[in-house]
Amino acid sequence: PKTAYVRTKPHLNIGTMGHVDHGKTTLTAAITKVLAERGAGTFVPFDRIDRAPEEAARGITINIAHVEYETDTRHYAHVDMPGHADYVKNMVTGAAQLDGAILVVSALDGIMPQTAEHVLLARQVGVDHIVVALNKADAGDEELSDLVELEVRELLTAHGYGGDTVPVVRVSGLKALEGDPRWTASVEALLDAVDTYVPMPERYLDAPFLLSVENVLTITGRGTVVTGAVERGTVRVGDRVEVLGASVETVVTGLETFGKPMEEAQAGDNVALLLRGVARDTVRRGHVVAAPGSVVPARRFSAQVYVLSAREGGRATAVTTGYRPQFYIRTADVVGDIDLGETAVARPGDTVTMTVELGRDVPLEPGLGFAIREGGRTVGAGTVTSVA
Ligand code: GDP
Ligand code: MG
């Protein structure tokens, strides 16, 4: 029998973000190693974090990009995104739940396009607190690190993060992973900065339950399981829920977090829900599981959107009314028609208002963040302002 999950410390969701190869996965592995040595969690090696979710989906614990650990004061779920192609998509969908982020910047390379893109997206989806890991500090020199630190602080300030006060910790994920005491201490210092700088967010426990499906799988003999982060409310075994997108109403017959059964899941938890009598192929990533009748999906909304510049990885040319990109909303990926009204044209670097008509109904509400993607790159980041 599995040990039940016992909620002893406040739970927070954080994640590593930053340019490819700056050391996000190495640092994630190093954090679990440093804490495991303190007896506060299990070491998760690099290969187990970096492999594709499909390959690793086994048992009821599915969010493979998630690792779990505890500091003295908190329990964390930490998400490390796999390849760059899926990065922004996962960040946007996961970031709706991120209470804080560790921005990994290589002290050798400084700010790169994806560094800026991730900071922008974090701001857009409401990640209010960032701690910087100036990584690979083992391989650089002080002066270069000073320069990069300055540059990162400026970038954060430019995006409204108060770059002067953001903790910037010089670390070496690689050396900490190798057990070097100096760099193990640097990872401890980083965790202390996260513990103290990222505040406990407000959880909407009294709101009706809502979870956006990240992954679906079948447990032989038990049924269909969906995984994701609880966006708001609480859910217990035996509760009735509705699956929006699949148009089914069912009952939750099992609940787990990180492989441990739990009585009640609440906003902020990463969970697996076992659903009674739901066929595997009726539920998909992007569907929403919610308290019955609590949300009315819609397809038309108004939004404020920032169109990324070419330098930020966006388009080189303007977008116009009639443009039909993909919208990443929570975990859903839906095509949408944009209408720019009288403005008619939005150039890279512009912030504009637009109305959007999606290809299908999804749960929408003012304040919800989303990304606009085209041909594998992010071209815009926006926030829903009103729903028609
Ligand atoms: P990611 O793409 O951001 O997840 O980066 P990885 O964790 O896969 O690391 C990319 C490369 O940088 C690998 O070859 C790592 O061994 C190397 N690396 C990561 N962290 C450090 C570090 O702290 N110091 C040094 N010297 N190399 C590192
Ligand atoms: Mg990686």
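Since we're looking at a predicted model, the values are computed, not measured. The figures here come from the full heavy-atom set of this structure, side chains too, leaving out hydrogens, waters and symmetry mates. Atoms within each ligand, like the ligands themselves, are counted from 1 in listed order.
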(request) Mark up the atoms of ligand 1 that fall under 4.0 Å of a heavy atom belonging to D138, in ascending order. (result)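 Near D138, the atoms of ligand 1 are 22 (C), 23 (O), 24 (N), 25 (C), 26 (N).
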
Does [X] reach ligand 1 with a nitrogen or oxygen that is under 3.5 Å from one of the ligand's nitrogen or oxygen atoms?
X	answer
G23	yes
A139	no
V171	no
D80	no

(request) Go through the steps to decide whether R170 and D146 satisfy the test salt bridge (charged side-chain N to carboxylate O under 4.0 Å, His left out), and finish with yes or no. (result) CA-CA 10 Å; R170 297 179 189 199; D146 289 346; 2.8 Å; yes

(message) Tell me whether the rings of F327 and F301 are parallel (<30°), tilted (30 to 60°) or perpendicular (>60°).
(response)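 It falls in the perpendicular class, over 60°.
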
(request) Say whether T351 and Q304, considering side chains only, have a donor N or O and an acceptor N or O under 3.5 Å apart. (result)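 Checked: T351/Q304 side chains show no N/O donor-acceptor pair below 3.5 Å.
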
(message) Would R315 and Y323 count as a cation-pi pair here, with the cationic atom under 6.0 angstrom from the ring centre and within 45° of the axis?
(response)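 Yes, a cation-pi geometry.
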
(message) Within 45 degrees of the ring normal and closer than 6.0 Å to the centroid, is that where the cationic atom of R232 sits relative to F209?
(response)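 No, a cation-pi geometry is absent between R232 and F209.
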
(message) Please compare K136, H22, R170 and report which has the shortest non-hydrogen distance to atom 11 (C) of ligand 1.
(response)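 It is K136 that holds the nearest heavy atom.
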
(message) With the threshold set at under 4.0 angstrom, would you say K175 reaches ligand 1 through any of its heavy atoms?
(response)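 So K175 does not count as touching ligand 1.
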
(request) Check whether any heavy atom of W183 sits under 4.0 Å from an atom of ligand 1. (result)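 It does not, in that no heavy atom of W183 comes within the 4.0 Å cut-off of ligand 1.
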
(message) Taking salt bridge (Lys or Arg N to Asp or Glu O under 4.0 Å) as the cut-off, I'd like each qualifying pair that reaches into residues 196-211, sequence neighbours left out, listed once.
(response)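 Listed by first then second residue: D99-R203.
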
(message) Heavy-atom distances under 4.0 Å decide this one: backbone, side chain, both or neither, for T16 against ligand 1?
(response)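 It is neither part, as no heavy atom is under 4.0 Å.
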
(request) Quick one: look at D21 and ligand 1, take heavy-atom pairs under 4.0 Å, and tell me if it's side chain, backbone, both or neither. (result)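 Within the 4.0 Å criterion, D21 contacts ligand 1 through backbone and side-chain atoms alike.
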
(message) To the closest 0.5 Å, what do you measure between OG1 (T224) and CZ (R276)?
(response)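 Reported value, rounded in 0.5 Å steps: 13.5 Å.
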
(request) Using modelled atom types only, decide if a donor and an acceptor are shared between the side chain of T32 and the backbone of F43 within a distance under 3.5 Å. (result)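 It does not hold such a pair.
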
(request) Would you check if the Mg ion (ligand 2) lies under 2.8 Å from any N, O or S atom of T25? (result)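 Yes, T25 qualifies, because one of its backbone or side-chain N, O or S atoms lies under 2.8 Å.
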
